[in-house]
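The block underneath contains the structure these notes are about, expressed in structure tokens.
Hydrogens, waters and symmetry mates play no part in the numbers below; they use all other heavy atoms, side chains included.
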Amino acid sequence: YYLIWCYLRTAEYLKAEEMATKAIALYPANEVYLNLRGLSFYYREMWKEARRDYEASLSVNGRSADSWNNLGLLWQARGDIAKAHECFTTAIGLSPSGALYVKNRAELLMREERPEEALPDIEKALRLAPADSEAHLIAGQVQMGLKKSKEAIREFNEAIRLNPRS
């Protein structure tokens, strides 16, 4: 598990795929390995393979918020906003304290220029993970969409404070 994550984090996606495939051969009903291999495909824009693995992961454990979230990211990347929204909403329902899932849905809503709908999600994400610089960036975008420049500036400054590379 950790080795696969390390390969994913260092963008060694082929090695991650290889290790995940070996793990799946040993543990074919392990949704975590299927999900991780799906990520190795996702990062290489191998959508069909990523979808196959995410859906296989969910067939093993339909309550995997991570798999629902990753499937949502795939649908978002493919431009199917309705499916992405449904997947993020399912992930949130399974793990209401998962800041990442709420943040991803807020970002999706902002891509659709729906700041009023994104606001409750990004506020919740910030309550759950106040040190998440990316969430502050999205919050700034939401505030800009709501025409609240002072609040947007505050959020963008906080994002920069937390991560100067923001």
Measure the shortest side-chain to side-chain distance between [X] and [Y] over non-hydrogen atoms and say whether it is less than 4.5 angstrom.
X: L126; Y: D132; result: no
X: N30; Y: I24; result: no
X: Y33; Y: Y1; result: yes
X: Y7; Y: M19; result: yes
X: Y54; Y: N69; result: no
X: N157; Y: I153; result: yes

Atom of [X], atom of [Y] and distance for their closest heavy-atom approach:
X: P96; Y: L128; result: O-CD1, 3.8 Å
X: A125; Y: V102; result: N-CG1, 4.1 Å
X: A65; Y: A91; result: O-CB, 3.5 Å
X: L119; Y: Q143; result: CD1-NE2, 3.8 Å
X: L34; Y: P28; result: CD1-O, 4.1 Å
X: S40; Y: A16; result: CB-CB, 4.1 Å

Should the pair [X]-[Y] be classified as a salt bridge under the 4.0 Å nitrogen-to-oxygen rule?
X: R154; Y: E158; answer: no
X: E12; Y: K15; answer: yes
X: E49; Y: R37; answer: no
X: D121; Y: K103; answer: no
X: E107; Y: R111; answer: yes

task = Could you please spell out the steps behind the side-chain contact (heavy atoms from CB on, under 4.5 Å) verdict for L14 and E18?
result = CA-CA 6 Å; L14 287 172; E18 179 185 339; over 6 Å; no
task = Taking the six-membered ring for Trp and the single ring otherwise, decide whether the centroids of Y42 and W47 are under 6.0 Å apart.
result =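 Yes, the ring of Y42 comes within the 6.0 Å limit of the ring of W47, centre to centre.
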key: Close aromatic pair by centroid cut-off 6.0 Å: Y101 and F88   = no
Out of curiosity, does [Y] fall in the hydrophobic cluster containing [X] (side-chain heavy atoms, cut-off under 4.5 Å, transitive links)?
X: L100; Y: L39; answer: no
X: L162; Y: I122; answer: no
X: V60; Y: L36; answer: yes
X: I92; Y: L109; answer: no
X: L73; Y: I4; answer: yes

If I take atom [atom1] from residue [X] and atom [atom2] from residue [Y], how far apart are they, to the nearest 0.5 angstrom?
X: E45; Y: R78; atom1: CD; atom2: CZ; result: 8.5 Å
X: K22; Y: L3; atom1: NZ; atom2: CG; result: 9.5 Å
X: L108; Y: H85; atom1: CG; atom2: NE2; result: 6.5 Å
X: E117; Y: R105; atom1: CD; atom2: CZ; result: 9.5 Å
X: F156; Y: S133; atom1: CZ; atom2: OG; result: 12.5 Å

Would you say the side-chain atoms of [X] pair up with the backbone N or O of [Y], donor to acceptor, closer than 3.5 Å?
X: S57; Y: E31; answer: yes
X: H136; Y: I160; answer: no
X: W75; Y: E86; answer: no

ask   = Sequence neighbours excluded, which residues qualify as ring-ring contact (aromatic ring centres under 6.0 Å, His included) partners of Y27?
value = none
task = Evaluate the criterion salt bridge (charged side-chain N to carboxylate O under 4.0 Å, His left out) for residue pair E151 and K148; output intermediate values, then yes/no.
result = CA-CA 6 Å; E151 291 86 347; K148 295 183 176 181; 5.3 Å; no
key: T90 vs C87, side-chain contact (heavy atoms from CB on, under 4.5 Å): CA-CA, chis, key distance, verdict   = CA-CA 5 Å; T90 300; C87 290; 5.7 Å; no
request  = Take F41 and E17, measure what side-chain contact (heavy atoms from CB on, under 4.5 Å) needs, and give me the verdict at the end.
outcome  = CA-CA 7 Å; F41 293 128; E17 176 192 349; 3.5 Å; yes
task = Dump the intermediate steps for side-chain contact (heavy atoms from CB on, under 4.5 Å) on K83 and L74, then the final yes or no.
result = CA-CA 9 Å; K83 285 184 182 178; L74 181 144; over 6 Å; no
query = For M144, does the CE atom have more than 12 heavy-atom neighbours from other residues, nucleotides or ligands under 6.0 Å away?
reply =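 Atom CE in M144 is not crowded, with 12 or fewer foreign heavy atoms closer than 6.0 Å.
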inquiry  = Regarding N35 and D53, do their side chains bring together a donor and an acceptor under 3.5 Å, going by distance alone?
reply    =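 The criterion, which ignores hydrogens and geometry beyond distance, is not satisfied for D53 and N35.
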